[in-house]
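None of the values given here were measured: they were computed from a predicted structure. Residues: numbered from 1 along the sequence shown. Heavy atoms only: backbone and side chains are in, while hydrogens, waters and symmetry mates are out.
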Amino acid sequence: MRLDVDIKSEFFTSREVADGLGISLRTLKNYRDEGRIQYHKFSPRRIVYAKQHIWAFLQTTHCSFYMKEMFYQYEAHTYMQRLHKSVST
């Protein structure tokens, strides 16, 4: 059960990344199309982002400290939600 949470904590969905960065899904798609952020596409509707690729994007882009802090807090919150879900099931 713990392994499942650790694997999930390394990847985020498009919605999670957009929410965490405070951007729209369309802006995130533009970043993908421009090659600004790396992703993994498992099917036309299943795209995930590795945590290290999100942090690399934040380091190379001219985003504000606020955006970086916002994603850091979102990442911690999402991890706690996933952990709570796996413990309760």
Less than 4.5 Å apart, side chain to side chain, heavy atoms only: is that true for [X] and [Y]?
| X | Y | answer |
| --- | --- | --- |
| Thr60 | Arg36 | no |
| Tyr39 | Val17 | no |
| Phe11 | Glu16 | no |
| His40 | His53 | yes |
| Val48 | Phe42 | yes |
| Ile47 | Arg32 | yes |
| Phe12 | Lys51 | yes |

How long is the span from the [atom1] atom in [X] to the [atom2] atom in [Y], to the nearest 0.5 Å?
| X | Y | atom1 | atom2 | result |
| --- | --- | --- | --- | --- |
| Leu25 | Asn30 | CG | CG | 11.0 Å |
| Lys29 | Glu34 | NZ | CD | 10.0 Å |
| Ser14 | Arg45 | OG | CZ | 12.0 Å |

- Verify the cluster assignment for Trp55 and Leu21: are they in a single hydrophobic cluster under the rule of side-chain heavy atoms below 4.5 Å apart? yes
- ring pair (Phe, Tyr, Trp, His ring centres under 6.0 Å) against Tyr31, all qualifying residues, sequence neighbours excluded: Phe57
